[in-house]
Novice: 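Submitted below is the structure of interest, expressed as structure tokens.
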Amino acid sequence: MIKHSLLATSIAIALGTAQLASATPLLPIDARGLAMGSTGVASAKLAHAPQYNPALLSTAAEDEDFAIVLPQVGLIVADEDEMIDAFDALANDEYSRDTNNQPQTIIEHFEAITDELDEILVSGGAGTVPMEQQLNNFETLIANVPGNGGNNSTSSADLVSATTDLNNSATALTGQTTELQSTTMDLTTELGSISGRSLRGTFGVNGAIAIPSKSFAAAVSVSASAFFSGRMFFTENDQSLLNGYAEAINAYAGATQDYTQATADLATATQNLENCEAANPGNPIPCLDEAQLVNSNLQNTNNELSDLQSFSYQKDGRTILSTDINSGEIVLADDLNSNVQVIAVGISEVGLTLSRNFDIAGEAIAIGITPKLQTIKTFNYIASVEDEEFDQDAVTDTEQDFSAINLDAGAAYQFGSDNQWQVGLVAKNLISKEYETESNPNTATGLTTKTTVSLDTQFRGGISHSTEWTVIAIDLDLMENDPVAFEAPTQYASIGAEFDLFDTIQLRAGYRTNLSVSDASVASVGLGFSPFGLHLDIAAMANPSSPEKEAGAALEFGLYF
């Protein structure tokens with residue numbers, strides 16, 4: 001009747017795979033920058049310059065000759081819509097108590113009700129006969145009612161007993177629908193509130209070798225990043241289906257009670273015929289009226305049975321409950337078409353950074369560029385909530401590969417008595433690109449979904465103040481950046497600080513907020529060790545009011561000379 005694991009499966013898929021899809025934030029994930037609030041346009045050092053601002057290679061200190069960073073590893077996961085918490089509450093919070101006074105979640109309560117309905121309609125419980133079987137048995141009884149062409153073995157007592165049992169089953173059926181209606185309304189309301197919420201993440205591995213110089217600086221950088229974002233869609237069709245269960249079952253119970261009324265009338269007519277025949281043994285003439293009434297009730301009973309055998313209840317153009325006219329099986333629709341969409345983008349880059357100082361109006365201004373070769377992989381996967389397992393082949397079938405040449409460009413200017421102030425400006429991906437992806441066919445609908453992934457140019461500015469012991473930096477996105485997939489747009493403002501103890505231990509902290517949405521800020525901390533030119537840096541970040549909304553960490557190792 002109902003696939004009892006259906007809703008539980010949808011929750012599991014949403015928790016396990018709905019986290020996946022695509023986004024392409026351009027904030028690097030390096031340990032120093034992450035710890036300082038993701039600043040770096042005017043404060044990144046040496047081998048970090050290709051990621052933040054290529055011009056910074058020409059504003060390094062005179063005693064900085066060479067740097068290598070390998071590897072940088074970072075991970076950020078953001079659940080700004082609190083999708084995981086919502087699913088967790090749906091799957092684990094107490095909704096009701098069972099017959100043993102044990103707590104039940106709303107999913108467990110829904111399944112308990114459908115178990116009861118399944119026993120009444122199809123499978124039967126301990127010592128009970130399901131309605132489906134009762135109706136089949138009734139056909140045999142009716143066929144053998146006296147005067148109906150059978151063996152005349154059906155008595156009025158048989159009809160009364162069978163009618164009572166079937167009517168009790170129909171009453172038990174309607175007894176479950178009030179609770180079913182309340183539960184499905186609550187369940188669909190919760191699923192509707194979660195539908196469309198997104199969760200995103202970024203994973204990156206980077207490395208760079210840099211030779212800074214004011215006259216001519218160069219660096220080679222490599223990076224591999226995966227950007228993902230996704231959401232679950234609870235469709236209106238599924239909302240209508242679940243909310244229509246109680247209505248459909250009530251309608252079926254009503255049709256059954258119409259049938260039992262006809263069988264009760266037939267039982268009465270049959271009893272009258274039996275009494276007449278007992279009073280007039282061997283003489284059918286006095287009982288002709290009673291026999292005619294039995295025949296009339298037989299016709300009415302067969303008509304009601306025919307209606308029940310061809311029963312179909314529809315809502316919003318979708319059949320919710322029906323009876324198979326050939327087998328007599330009761331079929332309750334459970335073909336949910338809600339789904340989880342997966343879009344992922346992998347970007348590999350190899351870049352050559354070149355920069356130098358230029359004398360412009362008597363001021364030394366550093367300008368740098370990073371031409372880079374990009375390899376882009378896109379994935380667009382849709383999983384129906386009815387899919388029982390993750391289909392890896394379907395994911396790989398949606399893979400599309402692209403390659404492109406792109407360019408970053410930046411400028412930096414130092415001022416102050418000791419050049420302690422620095423401003424920077426960078427444009428990332430000056431050649432905007434769009435890549436169209438197409439999903440695998442939805443197993444529920446057979447349809448594919450096309451999504452365009454965009455790598456748009458982003459502009460970011462920054463200012464920093466440095467002393468022998470400290471660095472303070474502020475960065476700002478100069479325009480709002482549209483999301484690539486399902487997440488919110490971004491326009492980040494960041495502030496960070498570093499305290500350097502004897503060029504050996506670095507203490508860092510920062511704060512970043514998204515000006516485009518509320519409550520999307522993160523606080524960050526980090527620690528660096530740099531004895532004898534070796535660098536080991538770690539960092540962590542999280543939303544201060546609700547860490548599960550966004551959290552991340554980064555680790556890197558490097559050599560500076």
Side-chain angles (χ1 to χ4, degrees), residues 9-26 75-81 83-84 87 191 194-204 223-238 336-349 374-404 406 429 431-456 458 481-490:
T9 300
S10 71
I11 300 300
I13 290 176
L15 287 173
T17 62
Q19 294 107 295
L20 307 177
S22 89
T24 54
L26 294 179
L75 173 68
I76 295 174
V77 177
D79 184 15
E80 285 116 342
D81 295 330
M83 183 179 70
I84 292 178
F87 274 118
L191 290 172
I194 296 170
S195 180
R197 297 192 193 188
S198 65
L199 181 133
R200 61 179 172 83
T202 305
F203 175 76
S223 67
S225 302
F227 309 103
F228 49 93
S229 161
R231 59 183 174 179
M232 185 275 288
F233 299 91
F234 180 58
T235 64
E236 291 183 1
N237 278 343
D238 288 352
L336 299 183
N337 56 26
S338 295
N339 61 79
V340 172
Q341 186 174 8
V342 176
I343 302 172
V345 180
I347 301 177
S348 300
E349 295 183 342
Q374 295 178 319
T375 300
I376 298 98
K377 291 181 179 291
T378 65
F379 301 86
N380 189 346
Y381 175 62
I382 289 181
S384 167
V385 296
E386 290 207 305
D387 293 343
E388 295 182 355
E389 60 183 21
F390 180 75
D391 189 345
Q392 185 174 351
D393 291 338
V395 176
T396 56
D397 286 345
T398 70
E399 177 183 338
Q400 296 189 57
D401 299 323
F402 308 91
S403 60
N406 221 313
N429 291 328
I431 306 172
S432 296
K433 299 283 187 178
E434 289 188 349
Y435 306 99
E436 186 174 77
T437 69
E438 184 171 6
S439 73
N440 57 301
N442 186 325
T443 55
T445 65
L447 301 177
T448 62
T449 300
K450 292 185 178 181
T451 303
T452 299
V453 174
S454 301
L455 295 180
D456 293 329
Q458 292 189 350
N481 301 302
D482 293 331
V484 175
F486 314 125
E487 60 282 351
T490 62

Novice: Is Arg197 salt-bridged to Glu80, cutoff N-O under 4.0 Å?
Specialist: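 Salt bridge: no.
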Novice: Measure the spacing between CZ of Arg200 and OG1 of Thr490 and express it to the nearest 0.5 Å.
Specialist: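 Spacing of CZ (Arg200) from OG1 (Thr490) equals 8.0 Å.
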Novice: So which atom in Glu434 and which in Ser454 form the shortest heavy-atom distance, rounded to 0.1 Å?
Specialist: CG-OG, 3.6 Å
Novice: Atom OG1 in Thr378, atom CD in Glu438: separation rounded to 0.5 Å?
Specialist: 11.0 Å
Novice: If every non-hydrogen atom of Leu455 is compared with every non-hydrogen atom of Ile376, which pair is closest and at what distance?
Specialist: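 In terms of heavy atoms, the two residues are closest at CD1-CG1, 4.2 Å.
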Novice: Side chains of Gln374 and Asn429 only: does a donor on one sit below 3.5 Å from an acceptor on the other?
Specialist: yes
Novice: Are more than 12 heavy atoms, taken from residues, nucleotides or ligands other than Glu236, located less than 6.0 Å from that residue's CD atom?
Specialist: no
Novice: I'd like to check Lys377 versus Ile347 (side-chain heavy atoms, cut-off strictly below 4.5 Å). Are they in contact?
Specialist: no
Novice: Would you sort out whether Lys450 and Thr437 count as a side-chain contact (heavy atoms from CB on, under 4.5 Å), showing the intermediate values?
Specialist: CA-CA 6 Å; Lys450 292 185 178 181; Thr437 69; over 6 Å; no
Novice: Look up atom OG1 in Thr398 and atom OH in Tyr381, then write down how far apart they are to the nearest 0.5 Å.
Specialist: 9.5 Å
Novice: Is the backbone of Ile382 close enough, under 3.5 Å, to the side chain of Ser439 for a donor and an acceptor to pair up by distance?
Specialist: no
Novice: Check for a donor-acceptor pair, side chain of Asn380 on one end and backbone N or O of Thr449 on the other, with a separation under 3.5 Å.
Specialist: yes
Novice: Quick one: does Met232's side chain get under 4.5 Å of Phe87's, heavy atoms only?
Specialist: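 Answer yes - side chains close enough.
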Novice: Who passes ring-ring contact (aromatic ring centres under 6.0 Å, His included) against Phe402, sequence neighbours left out?
Specialist: Tyr435
Novice: So does Ser198 get a backbone contact from the side chain of Asp81, meaning a donor-acceptor N/O pair under 3.5 Å?
Specialist: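 Answer holds: yes.
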Novice: Under 3.5 Å, is there a donor-acceptor pair between the side chain of Asp79 and the main chain of Leu199?
Specialist: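 Here the side-chain-to-backbone pair does not exist.
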Novice: How many angstroms lie between atom OG of Ser338 and atom CG of Asn237, to the nearest 0.5 angstrom?
Specialist: 8.5 Å
Novice: Mark yes or no for whether Ser195, through its side chain, and Phe234, through its backbone, hold a donor-acceptor pair below 3.5 Å.
Specialist: yes
Novice: Donor-acceptor pair, Asn406 side chain versus Ile431 backbone, under 3.5 Å?
Specialist: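 Checked: pair present.
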Novice: May I ask you to test the Glu399-Asp401 pair for a side-chain heavy-atom distance under 4.5 Å?
Specialist: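 A side-chain contact under 4.5 Å exists here.
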Novice: Look at the side chain of Asn337 and the backbone N and O of Thr235, then say whether any donor-acceptor pair between them is shorter than 3.5 Å.
Specialist: no
